[in-house]
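Atoms within each ligand, like the ligands themselves, are counted from 1 in listed order.
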Amino acid sequence: MEKSIIPYGRQCISETDIRAVVDVLRSDWLTQGPAIEQFEKAVAEYCGAKYAVAVNSATSALHIACLAAGLGAGDMLWTSPNTFVASANCGLYCGAGVDFVDIDSRTYNLNVAELEKKLEIALKSGRVPKIVIPVHFAGQSCEMDKIGDLSRKYGFSVIEDASHAIGGKYLGAPIGGCQFSDMTVFSFHPVKIITTGEGGMVLTNSEDLHERLIRLRSHGITRNPQLMEGESHGPWYYQQIELGFNYRITDIQAALGLSQMSCLDAFVARRHELATSYNEALCELPITIPFQHKDVYSAFHLYVIRLNLGQLAMSHREVFDVLRSKGILVNLHYIPIHLQPYYRKLGFRQETFPEAEKYYGEAITLPVYPSMTEDDQDKVIKALRELFIAGKR
Ligand SMILES: *Cc1c(COP(=O)(O)O)cnc(C)c1O
């Protein structure tokens, strides 16, 4: 029998999605046409936010969100070490310094008690961050009410990196509504919850931030006469009033995103079914299954287990190698950012964020995606059972 490959995540594209893209290809606009605004409106309405700005990636979204919040040289940005490098790099793009707050041992999200401690110390040395980026790891929201309280007390802006979390809820409200933050960022990379190929979005309830984000997305150019210096020269006229970028998304991508929105709830529901099956099948094994916070409905972008290595005769690496050799493409989210060579050169050292480092030595991301079949999942479960029963101490 040929060995089938089970990836850790993959997109789910329907015939309806394909038709939506083809319709744009036959239309007058490939970029900056009507599909972008429709996509933005659909996501903003779904999330309960006033404004949404679609861009070509979540990385771009994080960059312009930081700029819109006023981040610059001499400022600090704090985030979790357990995230993709983009959550921290956006601070460096703006010329700011970056630091991390260690993770909660249960949720693997930024630890709010640690955040508070670090803020107290930072206040004394006058180094309170300008921006904190909580990352909703694996799709599970951070404790946003507490982070919102701290942001008011210490005067920093909050940008939620919700790249994993569209379709999830916090205290009953959709992620992206920005009740406890200034802005929220989504990613539409193919492994994420919904996709546009490449793409991202910033949501906000602030009219000022919205206007700034729109401008930064497209070269810092405005066509609004009220924002111009002097008089307009005529109907062709625009002015560049700050330094922006070309971070625009295409209508082709936005049409795909808009079409995918109609499947969002079904995708997340299917991810929950798969997570529940894993929970039931794996709870007997020497592993820790994902903790689910009572205030949160996770989008389950990732299903992460932790090995209880004390009860195993095998190493973390060996478990990976065995599963991968069977075509089960388990992954590891994430290598703590402060241990990346680039960040070490900025002065970060091992053992600075012990919880994130310990987690890195034990975590495994199992495959979860909406089109995953029961057979696929049974293969993963069977492989894990065999491995742990064979490898028991
Ligand atoms: C995927 C991801 C990003 C970057 O998303 P792109 O759309 O690929 O730029 C940022 N942060 C987190 C947490 C991610 O998972």
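- The atoms of ligand 1 that sit less than 4.0 Å from any heavy atom of Thr83 are 13 (C).
- Using cut-offs of 30° and 60° on the angle between ring planes, the pair His272 and Phe300 is perpendicular.
- By the 4.5 Å heavy-atom criterion applied to side chains, Gln260 and Phe267 are counted as neighbours.
- Ligand 1 lies nowhere less than 4.0 angstrom from a heavy atom belonging to Gly200.
- Residue Thr59 touches ligand 1 through backbone and side chain together, judged by heavy-atom distances below 4.0 Å.
- In terms of protein heavy-atom proximity, atom 11 (N) of ligand 1 is nearest to Asp161 OD2, 2.8 Å.
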Can Asn279 and Tyr303 be said to form a side chain to side chain donor-acceptor pair (under 3.5 Å), step by step?
CA-CA 10 Å; Asn279 286 345; Tyr303 186 93; 2.6 Å; yes

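- There is no path of hydrophobic side-chain contacts, each under 4.5 Å, that joins Tyr369 to Val304.
- Ligand 1 has Lys192 within reach: a non-hydrogen atom of the residue lies less than 4.0 Å from it.
- The distance from ligand 1 to the heavy atoms of Ser163 drops below 4.0 Å at these ligand atoms: 2 (C), 3 (C), 10 (C), 11 (N), 12 (C), 13 (C), 14 (C), 15 (O).
- Atoms of ligand 1 found under 4.0 Å from any heavy atom of Gly199, numbered from 1 in the order shown, are 7 (O).
- Atoms of ligand 1 lying under 4.0 Å from any heavy atom of Ala58, numbered from 1 in the order shown and given with element: 4 (C), 5 (O), 6 (P), 7 (O), 9 (O).
- By the 4.0 Å heavy-atom criterion, Ala61 is excluded from the residues contacting ligand 1.
- Proximity annotation for atom 15 (O) of ligand 1: of His164, His63, His189, His333, His164 comes nearest, heavy atoms only.
- The cluster map of Ile, Leu, Val, Met, Phe, Trp and Tyr, joined by side-chain heavy atoms under 4.5 Å apart, puts Leu274 and Ile381 in the same cluster.
- For Ala86, no nitrogen or oxygen atom sits less than 3.5 Å from a nitrogen or oxygen atom of ligand 1, counting backbone and side chain alike.
- Between His136 and Tyr170, the gap from one ring centroid to the other reaches at least 6.0 Å.
- Within the 3.5 Å criterion, the main-chain N or O of Ala255 finds no donor-acceptor partner in the side chain of Ser259.
- If you look at Tyr334 next to ligand 1, the close heavy atoms, those under 4.0 Å, all belong to the side chain.
- Two residues are said to be in side-chain contact when any heavy atoms from C-beta on lie closer than 4.5 Å; Lys130 and Leu77 fail this criterion.
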